[in-house]
Peer 1: 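Below is the structure I would like to discuss, written out as structure tokens.
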Number of protein chains: 2
Amino acid sequence: MSSRNLNATAASLLGFLHEGPLTGWDLVATAQQRIGDFWSLTQSQVYRELAAMAADGLIEAGERGPRDRRPYLITDAGRAAFAQWLGRNPDEETIRFPLLLIVVFGRYLPPERLAEIVSHHRKLHAARLAEYERAREQLTAGPADAYHLAPLDFGIRYEQAALAWFDALPPEIRGAA
Amino acid sequence: MSSRNLNATAASLLGFLHEGPLTGWDLVATAQQRIGDFWSLTQSQVYRELAAMAADGLIEAGERGPRDRRPYLITDAGRAAFAQWLGRNPDEETIRFPLLLIVVFGRYLPPERLAEIVSHHRKLHAARLAEYERAREQLTAGPADAYHLAPLDFGIRYEQAALAWFDALPPEIRGAA
DNA sequence: TGGTACATGTAACATGTTACATGATTAG
DNA sequence: CTAATCATGTAACATGTTACATGTACCA
């Protein structure tokens with residue numbers, strides 16, 4: 001019961017556990033699929049948070065199943081902690097964009113190399129946009145779920161804005177016309 | 001000379017030191033102003049990286065000036081390390097967007113509260129857009145500097161996309177019409 | 001029967017955050 | 001003379017990343 005206060009990663013795990021017991025492994029997969037586009041986490045982190053939350057009484061481990069699967073269930077204390085976290089004003093987003101650092105210091109790089117880096121990243125964004133659009137088709141095929149659609153819609157708008165930015169870059173950065 | 005390889009934060013400090021010697025304090029201010037919108041760093045981190053880079057021979061401390069100001073100058077090894085870092089393929093950006101977590105779990109929150117949170121964040125984004133636009137006016141007033149303008153342009157497009165997203169949210173999330 | 005995917009966990013380290021301690025200089 | 005700002009730095013801790021160790025079950 002060390003009772004640190006909940007971070008967003010731990011809180012998200014509690015969120016998923018509202019839908020039923022899940023193992024660490026399942027939680028990693030669920031989180032990557034459902035929030036991975038705007039909230040990254042690793043397997044190590046998940047097991048660490050699960051151990052801490054179990055110690056704090058927010059979750060409880062069930063019996064081990066096949067392959068040592070160990071499902072966790074949320075407790076009433078866990079539900080309360082989640083509700084408390086959810087009602088707080090969330091922090092503003094942080095963006096860490098290494099490519100923009102390269103651009104800022106672009107004068108120190110041979111122009112062709114800069115253009116190559118930029119063009120490579122444009123491709124990555126185009127691919128992500130395509131992926132998001134496929135995901136949206138899948139989501140909108142089933143019953144409407146505004147809460148899942150909204151973040152995806154953000155991703156789509158974000159990638160569209162990014163592509164427009166790439167295309168508007170001046171020749172010093174983007175390379176030959 | 002422990003020679004870890006350069007992280008983006010340390011590399012950025014080296015980038016700024018190309019323009020002349022700066023103290024830790026100056027570097028914090030410079031970094032926050034020039035790259036703070038897409039690469040956050042704290043004062044603690046800067047002093048830590050400076051100590052590490054000095055130990056690695058990438059920078060050298062000059063004589064202490066008034067108020068114990070301690071300017072650092074980049075060495076040839078530092079310039080080489082920077083060039084090497086700059087030429088690498090940068091990682092993809094990471095976005096950590098707590099508001100989207102709240103939205104994903106929005107079904108567990110009273111609708112008015114969700115709408116309130118969302119509306120508050122919309123205001124923050126509108127304010128950031130206004131700030132960026134002011135900054136762009138200032139930048140475009142002087143001699144054109146594509147390398148600084150480009151990241152700012154990204155910020156503007158990003159905030160515009162964000163605002164459009166807010167305005168397109170369905171009533172379940174955004175609140176009453 | 002051998003490879004792949006499933007599953008848990010630890011260790012070590014890098015990075016990021018918050019708070020504090022200390023003192024110098026400047027402006028009012 | 002006093003408050004604000006400048007300036008350096010440390011300490012403690014939270015979070016994020018990478019690599020590894022161990023073993024299970026399924027499927028071709």
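Bear in mind that the values here come from a model prediction, so they are computed numbers and not experimental data. Here is the naming used below: chain letters follow the sequence lines, and residue numbers restart at 1 for every chain.
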Peer 1: For the residue pair P98(B) and E92(A), what are the closest heavy atoms and their distance?
Peer 2: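 Shortest heavy-atom contact: CD-O, 4.0 Å.
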Peer 1: Might you confirm whether atom CD of Q138(A) has over 12 heavy atoms from other residues, nucleotides or ligands at distances under 6.0 Å?
Peer 2: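 Count not over threshold, so no.
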Peer 1: Please report, rounded to the nearest Å, how far the C1' atom of dC13(D) is from the CD atom of Q45(B).
Peer 2: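 Answer to the nearest Å: 14 Å.
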Peer 1: Please state how far atom CG in L50(A) lies from atom P in dA7(C), giving the value in whole angstrom units.
Peer 2: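 After rounding, the gap between these two atoms is 14 Å.
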Peer 1: Compare every heavy atom of L58(A) with every heavy atom of L6(A), then report the nearest pair and how far apart it is.
Peer 2: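 Of all heavy-atom pairs spanning L6(A) and L58(A), the closest is CD1-CD1, 3.8 Å.
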Peer 1: Please give, in whole Å, the distance from dT18(C) P to N5(A) CG?
Peer 2: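 Taking atom P of dT18(C) as the reference, CG of N5(A) is at 12 Å.
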Peer 1: Each nucleotide in nucleotides 2-12 of chain D should get exactly one letter: B, S or -. Can you fill that in based on protein heavy atoms under 4.0 Å?
Peer 2: ---BSBBBBB-
Peer 1: Measure the distance from CD on E63(A) to P on dA7(C) and round it to the nearest whole Å.
Peer 2: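 Distance, rounded to whole Å: 17 Å.
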Peer 1: Please evaluate residues I35(B) and L100(A) with respect to the criterion side chain to side chain contact (heavy atoms under 4.5 Å, CB included), reporting the C-alpha separation (whole Å), side-chain torsions for both, the decisive distance (0.1 Å), and the verdict.
Peer 2: CA-CA 8 Å; I35(B) 60 175; L100(A) 294 184; over 6 Å; no
Peer 1: Keeping S40(A) on the side-chain end and G36(A) on the backbone end, is there a donor-acceptor pair under 3.5 Å?
Peer 2: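 Between the backbone of G36(A) and the side chain of S40(A) there is no qualifying donor-acceptor contact (under 3.5 Å).
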Peer 1: Starting from P on dT8(C), measure out to CD on E49(A) and report it in whole angstrom.
Peer 2: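 Value for this atom pair: 16 Å.
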Peer 1: Looking only at heavy atoms, which two atoms of F16(B) and L22(B) are closest? And how far apart?
Peer 2: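 Residues F16(B) and L22(B), closest heavy atoms: O-CD1, 4.0 Å.
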Peer 1: Side-chain N or O of N7(B) less than 4.0 angstrom from OP1 or OP2 on dA14(C)?
Peer 2: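 It does not, given that no N or O in the side chain of N7(B) lies less than 4.0 Å from OP1 or OP2 of dA14(C).
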Peer 1: Could you check how far CE of M53(A) sits from P of dA14(D), rounded to whole Å?
Peer 2: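 In whole Å, dA14(D) P and M53(A) CE are 15 Å from each other.
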